[in-house]
Amino acid sequence: MSGIDDLPPLRDVIATYELAAKKSLGQNFLLDLNLTAKIARLAGDLTGADVLEIGPGPGGLTRGLLAEGARRVLAIEKDPRCMPALAEIAAAYPGRLQAINGDALTVNPLEHLTPPIKIAANLPYNVGTELLVRWLTPPEWPPFWVSLTLMFQREVAQRIVATPGSKAYGRLALLAQWRTDPKIVMDLPPEAFSPPPKVNSAVVHLTALPAPRYPADPAVLNMVVAAAFNQRRKMLRSALKSVSPQIEDHLHAVGIKPTERAEQVGLEAFCALARSLATAG
Ligand code: SAM
């Protein structure tokens, strides 16, 4: 018995199914079920929602999500060794957990889920940023999910919520803040995991906004932001020269000094610049 359910403690699960952590799969497991239940609560009310979980491993967060009342959980795990442990959880919560052995980068979760959908995960660090960028850049907005509750290295979490003028400010901040409301909601020390990683971690909660904060064409905005931050130390008039020969006129038109650097420019101004460039064709 483990406190939040009638299943065995995670240390016993790991011993029974011989789940020695593999570095190549970014395996740092959460073993404290009170902590995983607390992380599940950070995703908000789960009772009327399907939850997509990436990388359930031995199932600590999965059990937290189910104990906190998730309607259904779809858990996608790359490591086949974890499947028997996940099957044991599925048996304890009949009809509420579907575990798929596969790569989160290739499995289409929408074939298995019904809206509203929340995403919650202690992400494998090697694919975490790639998945986040995909979830933030769907073809249509609003996206298929209503919120993301995700564990990252603290440094990545800081890049998501960063504001202009800080070192962490860049593409990820602009991408996240344009169409979501991102917040760091929990800090975790390395000792919270087994084995402990070398870095601190943090949980970020991102709520999808119904519409972008400021209008802009996603492709143009992405192109401008990428060009601006690829040469973040250069003044914008030279960093963005390749974007348009009239870049100085566009910068002036939207009130950005051509001598400014990307990290000084806020989201609203980047959106205005994208609109000005789109209008020019
Ligand atoms: N959620 C568990 C926990 O909190 O204890 C495990 C978290 S561990 C940081 C990341 C998990 O993601 C591992 O179980 C790993 O096998 C899995 N994983 C790694 N790459 C994956 C991928 N491409 N698709 C799905 N799962 C993956």
Side-chain angles (χ1 to χ4, degrees), residues 2 4-5 7-43 51-68 70 73-90 97-109 112-113 118-135 148-157 185-204:
S2 61
I4 66 164
D5 55 33
L7 290 158
L10 284 159
R11 276 186 202 287
D12 295 358
V13 173
I14 287 170
T16 305
Y17 297 107
E18 299 180 21
L19 302 177
K22 283 192 182 169
K23 217 175 172 179
S24 60
L25 286 168
Q27 291 182 337
N28 300 99
F29 301 133
L30 290 166
L31 299 188
D32 177 350
L33 286 156
N34 291 314
L35 180 59
T36 61
K38 199 167 159 192
I39 296 169
R41 283 198 289 281
L42 295 172
V51 179
L52 169 62
E53 186 195 358
I54 306 301
L61 181 57
T62 319
R63 287 165 62 178
L65 293 164
L66 289 163
E68 287 302 314
V73 175
L74 173 69
I76 303 175
E77 171 56 59
K78 196 169 176 181
D79 186 348
R81 296 179 310 158
C82 299
M83 300 320 283
L86 297 168
E88 201 180 334
I89 304 171
L97 172 62
Q98 181 181 1
I100 295 181
N101 182 207
D103 186 336
L105 295 169
T106 55
V107 174
N108 177 7
H112 310 276
L113 295 166
K118 295 187 168 190
I119 300 180
N122 174 12
L123 288 170
Y125 287 147
N126 47 358
V127 290
T129 317
E130 180 169 353
L131 282 168
L132 174 66
V133 170
R134 280 196 197 185
W135 290 326
L148 310 171
T149 309
L150 307 172
M151 181 88 69
F152 287 104
Q153 302 179 44
R154 185 153 169 85
E155 180 232 313
V156 176
V185 287
M186 190 192 273
D187 286 308
L188 290 98
E191 309 80 72
F193 302 86
S194 174
K198 289 201 174 67
V199 293
N200 286 307
S201 301
V203 178
V204 186

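Hydrogens, waters and symmetry mates play no part in the numbers below; they use all other heavy atoms, side chains included. Both counts, for ligands and for their atoms, begin at 1 and track the order of listing.
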Would you name the heavy atoms of [X] and [Y] that are closest together and state the gap between them?
X      : Y      : value
Ala20  : Gln27  : O-OE1, 4.0 Å
Gly57  : Phe29  : CA-CE2, 4.1 Å
Ala157 : Val204 : CB-CG2, 3.5 Å
Ala37  : Ile4   : CB-CG2, 4.3 Å

Checking the N or O distance criterion of under 3.5 Å, is ligand 1 in contact with [X]?
X     : answer
Phe29 : no
Leu30 : yes
Gln27 : yes
Gly55 : yes
Asn28 : no

Among protein heavy atoms, which lies nearest [atom], and at what distance?
atom                    : answer
atom 8 (S) of ligand 1  : Gly26 O, 3.5 Å
atom 26 (N) of ligand 1 : Lys78 N, 3.3 Å
atom 14 (O) of ligand 1 : Glu77 OE1, 2.8 Å
atom 4 (O) of ligand 1  : Asn122 ND2, 2.8 Å
atom 24 (N) of ligand 1 : Ala104 N, 2.9 Å
atom 23 (N) of ligand 1 : Asp103 OD1, 2.8 Å
atom 2 (C) of ligand 1  : Pro56 O, 3.2 Å
atom 18 (N) of ligand 1 : Pro124 CG, 3.7 Å

Identified side-chain contact (heavy atoms from CB on, under 4.5 Å) partner of Pro58 from the options Ile14, Asp79, Leu30, Asp12: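 Of the listed residues Ile14, Asp79, Leu30, Asp12, the side-chain contact (heavy atoms from CB on, under 4.5 Å) partner of Pro58 is Ile14.
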Under 4.0 Å from a heavy atom of [X]: which atoms of ligand 1 are those, numbered in the order shown and with their elements?
X      : answer
Gly102 : 24 (N), 25 (C)
Asp79  : 16 (O)
Gly57  : 14 (O)
Ile76  : 25 (C), 26 (N)
Leu123 : 9 (C)

Please confirm whether [X] comes under 4.0 Å of ligand 1, counting heavy atoms of the residue only.
X      : result
Leu10  : no
Leu105 : no
Gly60  : no
Glu53  : yes
Ala121 : no

Counting C-beta onward and ignoring hydrogens, is there a side-chain heavy-atom pair between [X] and [Y] closer than 4.5 Å?
X      : Y      : answer
Thr16  : Pro8   : no
Leu105 : Arg134 : yes
Leu33  : Leu10  : yes
Gln153 : Thr129 : no
Val73  : Ile89  : no
Pro190 : Val199 : no
Tyr125 : Val156 : no
Thr149 : Lys118 : no

Spacing of CD1 belonging to Ile39 relative to CG belonging to Asp32, to within rounding of 0.5 Å: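 Result: 9.0 Å between the selected atoms.
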